[in-house]
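To keep things clear, I will list the structure first and then write my remarks on it.
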Amino acid sequence: MMLELIHVAKKYESPGDIQGLSVLKDITLKVEPGRSLVIVGPSGCGKSTLLNIMGTLDYPSSGKVLFDGQDLAALSQKELAVIRNKQIGFVFQLHHLLPQCTVLENVLVPTLADKMRPSMKEIRDRAVQLLQRVGLKEFLLYRPGELSGGQRQRVAVVRALINSPKLLLADEPTGSLDKDSSENIADLLVELNHSEKVTLVVVTHSLSLAERMGWVMELSDGLLKDRSRP
Amino acid sequence: MSLWRLAKQSLGFYWRTNLGVLLTVVVSTAILTGALVVGDSVRYSLRMMVEARLGKTQLALVPQNRFFTAGLANELADELNTSSAPVLRVRGMIADGNDKRRANRIEVLGVDARFFTIGGGGNPFGNDTGQGVVLNEQLAARLKVAVGDEVLLRIEKPSVMSRDLPVSPDSDLSVAFRLKVMAVATEAEFGRFSLRANQVAPLNAFVPLGWMQDNLGRDEQANVLLVAGNPEGGIGPENANMAIKKRWQLADAGLKLRRLDEQDTLEVRSRRIFIDESLSEAAMGASDKAVGILTYFVNELRFGDKVTPYSMVTAIGRSADAAGIVPMEMRDDEILINQWVANDLGAKAGDMIELRYFALTPMRKLLEQAASFRVRMIIPMASAAIDPNFMPDFPGLADVDNCRDWDSSIPVDLDKIRQKDEDYWDKYRGAPKAFITLEAGRKMWANRYGNLTSVRYPGSTTSVQNLAGSLLKTVNPASVGLFFQPVRQSGVKAGGGSTDFGSLFLGLSMFLIIAALILMSLIFVFGVEKRSGQIGMLLAVGFSPKLLRRLLLIESGFLAVLGAILGSAAALFYTKIMIYGLATAWQSAIAGSTIRFYAKPLTLFAGALGAVIVSLIAIWLTLHKQVSRPARELLAGNPEWQFFGAKRISKGRTGLGIAITSAVGAVVLLAVLGTGNSGSISAAFFGAGALLLIAGLGLTHALLKIVAGSWNRTITSLAGFGLRNSTRRSGRSLAVVGLLACGIFLVIAIGANRHDPLADAHKRDSGTGGFVLFGQSSIGILHDLSSKEGRRSMGLNDPSLEDMQVVQLRVRDGDDASCFNLNRAQSPQLLGVQPEKLQERGSFMFTNVIEGAASKEAWNLLNRNLGQDIVPAVGDYATVIWALGKSVGDQLQYSDDKGNSFKLQIVGLLKNSILQGSLLIDGDEFIRRFPSEEGYRMLLIDCPEQKIDAVTDKLSFGLKDLGLDLTPAAQRLAEFSSVENTYLSIFQMLGGLGLILGSVGLGLVVLRNVLDRRGELAMLRAVGFDKITLRKMIFHEHSGLMLGGLACGVIAALVAVGPALKSPGAQAASFSLVLTIGAIGISGMIWIWIAANFALGGEMLDALRSE
């Protein structure tokens, strides 16, 4: 199993409320390798929180998260960073590209954290290849400020894939894009899921993107409900 | 792609922020390194001063008030294979040709070409051997004279015999000349020559050696000898002193050896009349035939009502020789009189004769004493005992033809001199009229200068040369003051141990450096916060916090190194500005000396390295917190929005805890130490103030937290909104409050310690000792100016002087150990005082005394017996603690006139007095150690206030020929205080600059806070707030922080300086401090206003769209 959540709950402290605010109540989820899962829900329901827990950016208040059979709670910060670097790719709503770096350099940023990385030539070739796949080969030396919103998000997707992760997490990847760009990104994600065999978990409140995924879950009142078509 | 490349890209992209960081690093480096380079410059200048004042001189022979043959210079040059120069040095005074401008206490140096050779430069005399004087630049400038102008030079005339002796004439103390200025000697021409490690240039006048010798009656003599080092090295005091022993002659010891054929005897006598004890011992030990002789001038020989006036009486050693005058069996209470006296008095053997004579007393007070002797025998006039050679060459007595022409300070009643006395003088001159035993004579007439006037060797067949050789072998030249001092070594040591201006300026600039570093940290952290999303992304893609810190440290390290390099260059300008300040507005701090710019590469490197390290530490401390935040917070953007997952809002317990603990600590400190002596009171108040500062900051922290957590109180006003806003970034707010509070605290706490010495200066326990005038003379004053007789002896008969009281001090010249001297004094000037005079008056105040002693009786400590060769001494606090680096109980090594070592032990410290620069010892001990010091050259004068001007005029005029300088005591005190006050001014100025940087920091915080909230402010405008209202809100928010910082600092500082505020002169300090605080407040307001305007500029609604 690629990713398994077992009775995961998340609670935040709240002034005036001794018990705190439960965002996630009892989440149990198993994601097989190669699947594409979308989690939908109203704004503020905890989708991003769930994604952060999956991506080791946050910890559950209770429950377990297993990644490739490993209990993430048992790992040190260093080990978690290695997992994020090598096993997981992130795509954020606001892309968080480095404005001071070129497209190519932005894509290569995650490789800097990999002590065991292959040669720079190999990495560079892979980066160029990936950028070509997303139609950005001509933009290698462009800065993010010179690209459109859709193009930036495509760069962010490539960055997430540079280390060949097993799991790709996308948090509202089309949230700040126009319709056409959103479509492009959605196509890209689906295509990568098929071609790269990377497990895809997307959080969105875009119905059109949700429809493109293989498995739909809805997060509501802290609980996940399966909304997939039979 | 690599970390370095990423760092490089980031540096270039965020150049605005990085420029701000760079500039602050440049500033902090410039100040830090610049301060150290100031230290280099001062040390270099002092080293150059050593070269300027000593030239190539390695060693100097400086026997006090003693003369040796100038030929000794040639002998030693030959023996040591180096250059040597004799100098005839006396004190003097000089005026321009019109007597309008004068300079007292100048050094007049009789020199020849050898002197300037040792100087290593040119000879300002050139080939001109005519009569004239060469002045050094400082003296020429003081008199405003140039080459060709005439000057009036008056020089001290050294006496063959100490003028403290009653028999020595007290007139003819100096001689004056009108001379033409032949040249002005520059520093390169050895114009700055001085053997003392003072950086204030001496006032030197040079005259030809031969001319000086002729006019002072010191043919072929000198009293200073300079020896140069040689390239091979090896010239040291040990071998130089051995060279003296090998090459000196009797004349160098002031001795004359002659054969008296008529008396068939060899005789040794001294040019100084009385033979030094060591020489006496050697002379007596040179032969078993030696007979000691002590001849004195007595007022009368009396038998009943008959009197023989003004006669020589000789005390002579007993002799077994039949030809001896005093037989072995003669008793000490017996006397031999010659026939002439027997006839004059009608006395015979067995009769009682009374001798009356003046004893040696301080200040030449004439104290007549009497002793009675029984006549043992009458000596016939044909006897060999009637020998005029028994009389030493008493100046004023031996060299006159008639009794009536006698010129000694002993009052001779001319009416008592009869014709028969004149006849005796004509026929027999000073042949003694009576003889007593040597022991009896020593009891009456032995003094600190010696206990023999000659030694004879009757019937000796030894040659003069052999006897001379025997004497020279036996005597240690050091016992007569002929020993070399390592002046160069001492000078270098004094400069090396000098006030560390580098550390001093570093300390003075510390707040400015800290302010720059805080500003740098603020700018840096703002830059990092702006990139929080990037940082979150990097953490999300697998960068470990350590790797991330490394990346950011690479960026900041580059900025730190580049900033340090540029800052090092800027440091040179900073140093030059500081040196310019020291040469102009702050010249009091260095007594007007010249500081030359000098920067050691190593110092620049060390300063730059230090700045890099300090900057990186500051950045690392800042980074640590930023990078430690969870990635999801950083990715979310505005950390204030992380409500979920936020920790419970604190009730400010930490801050309150700190505040209460510190406040209680302050109260306890005041209770325990606040009532002790002045030192502990000041320390207690300062400590309490510092604790209150911490308490204030703790309270601020607590308030920020409490207000931030007051969610249950709904905001209903703009002011409330502003207050809540000020708690959003409590770290930034606290940094600003802390920077301002600490800065104000330091500026006030230091600034309030300014002294106004003129306040209460009339009081006896003040630094003036209750004296109104302070006097220093070139030539010693021999009489007691407090007594009518003493004043009359000095020709001071004016009635305005009748109420004058004077405490007179003897002076042993030495290094100036005051705050005017940047060098570390090696051998401070010594003053000999009668302690009871100061004790009776209750003059001055002691800050510390040795354990077990009472401050009120501290002057009496100078009489305490501390053991063999340990002399108690008192010094001003600044002299002992700062100039000498010593404390109560510590000891200093000194050498007396005979070259014997003894120790001075500090037994008390005076508070801020006019006696700064010297150490005081008991007057009797002084003359025991330094018998050659004649008279009193320092005066502490008290008189009624309405008579000050008259006393000043009369004394200045009456003692003009002694070169008396009078200064109001309060003015002298003010001059010392001006040094300290100047340092305080420098600190205040630099501290003020630091506070201005602090207010720039405040502006940056405002700017950053507002820029962070652009969207929110845009929303406020969208709901109807206008720009003016928003500006007011921002202004209130941040001015509250500024006022909070000022309040914390001011309140804490006022407690810290409470004792100082009660002291006299506090008002002037308070006014300038109020101005400083006002300026900082206004500066802060301006920066807030500028930042708010800038941040609120542009289209705010654009910010809404990006939301």
Side-chain angles (χ1 to χ4, degrees), chain A residues 10-16 20-21 23 44 46 48-49 51-52 55-59 77-78 80-90 92-102 104-115 120 123-124 127 143 156 159-160 162-163 165 169 171, chain B residues 1-15 17-18 527 530-548 550-551 554-555 627-638 642-651 708-712 1106-1107:
Chain A
K10 181 70 180 178
K11 207 184 267 191
Y12 287 106
E13 287 177 8
S14 170
L21 183 66
V23 176
S48 296
T49 304
L51 206 70
N52 285 340
T56 76
L57 292 180
D58 201 354
Y59 301 97
Q77 286 297 317
K78 211 167 162 182
L80 289 175
V82 171
I83 286 180
R84 282 201 299 275
N85 185 246
K86 303 294 287 283
Q87 312 286 347
I88 301 175
F90 270 98
F92 307 102
Q93 180 179 359
L94 294 177
H95 59 75
H96 292 300
L97 292 179
L98 302 180
Q100 66 267 34
C101 295
T102 62
L104 181 61
E105 287 167 347
N106 265 288
V107 166
L108 292 175
V109 162
T111 64
L112 296 179
D114 182 6
K115 286 180 189 169
M120 187 44 71
I123 298 168
R124 195 177 185 282
R143 293 269 166 88
R159 180 184 63 194
I162 190 63
N163 281 340
L169 302 174
D171 188 355
Chain B
M1 183 60 171
S2 64
L3 269 181
W4 290 94
R5 188 177 168 85
L6 182 54
K8 192 187 109 180
Q9 306 279 83
S10 303
L11 277 169
F13 190 81
Y14 295 105
W15 67 271
T17 307
N18 291 332
K530 206 169 150 183
R531 295 159 63 184
S532 58
Q534 285 183 33
I535 294 172
M537 181 281 293
L538 290 172
L539 285 171
V541 301
F543 271 58
S544 64
K546 188 175 162 189
L547 185 63
L548 195 52
R550 196 192 313 167
L551 172 66
I554 290 172
E555 281 181 43
V627 169
S628 300
R629 288 165 55 199
R632 68 174 187 286
E633 275 188 30
L634 296 165
L635 285 165
N638 195 335
Q642 298 306 305
F643 180 75
F644 293 113
K647 288 183 190 159
R648 181 176 293 278
I649 303 291
S650 85
K651 291 192 187 340
S710 59
W711 298 102
N712 56 343
S1106 69
E1107 275 288 299

Chain B contacts, top residue of A/N163, A/L57, A/L97 (heavy-atom pairs, under 4.5 Å): A/L57
Best-contacting candidate, A/K10, A/K78, A/R159, against chain B by heavy atom pairs under 4.5 angstrom: A/R159
Step-by-step side-chain contact (heavy atoms from CB on, under 4.5 Å) determination, B/Q9 to A/R143: CA-CA 11 Å; B/Q9 306 279 83; A/R143 293 269 166 88; 4.0 Å; yes
Below 4.5 Å from any heavy atom of chain B, which atoms of [X] appear? Answer side chain, backbone, both or neither.
{"X": "A/R124", "answer": "neither"}
{"X": "A/E105", "answer": "both"}
{"X": "A/P99", "answer": "both"}

Chain A interface, residue from B/P630, B/S2, B/A631, B/S544 that has the most non-hydrogen pairs under 4.5 Å: B/S2
Enter the distance from [X]:[atom1] to [Y]:[atom2] here, rounded to the nearest 0.5 Å.
{"X": "B/L635", "Y": "A/D171", "atom1": "CG", "atom2": "CG", "answer": "9.5 Å"}
{"X": "A/L80", "Y": "B/L539", "atom1": "CG", "atom2": "CG", "answer": "12.0 Å"}
{"X": "A/D58", "Y": "B/R632", "atom1": "CG", "atom2": "CZ", "answer": "4.0 Å"}

Looking at every heavy atom in both [X] and [Y], which two are closest together, and how far apart are they?
{"X": "A/V109", "Y": "B/M1", "value": "CG2-CE, 4.2 Å"}
{"X": "A/Q100", "Y": "B/S10", "value": "NE2-OG, 2.7 Å"}
{"X": "A/A113", "Y": "B/L547", "value": "CA-CD2, 3.6 Å"}

Non-hydrogen side-chain atoms of B/V541 and A/F90 separated by less than 4.5 Å: no
B/L538 portion near chain A, given a 4.5 angstrom heavy-atom threshold: side chain
Steps toward side-chain contact (heavy atoms from CB on, under 4.5 Å) verdict (A/L98, B/M537): CA-CA 9 Å; A/L98 302 180; B/M537 181 281 293; 3.8 Å; yes
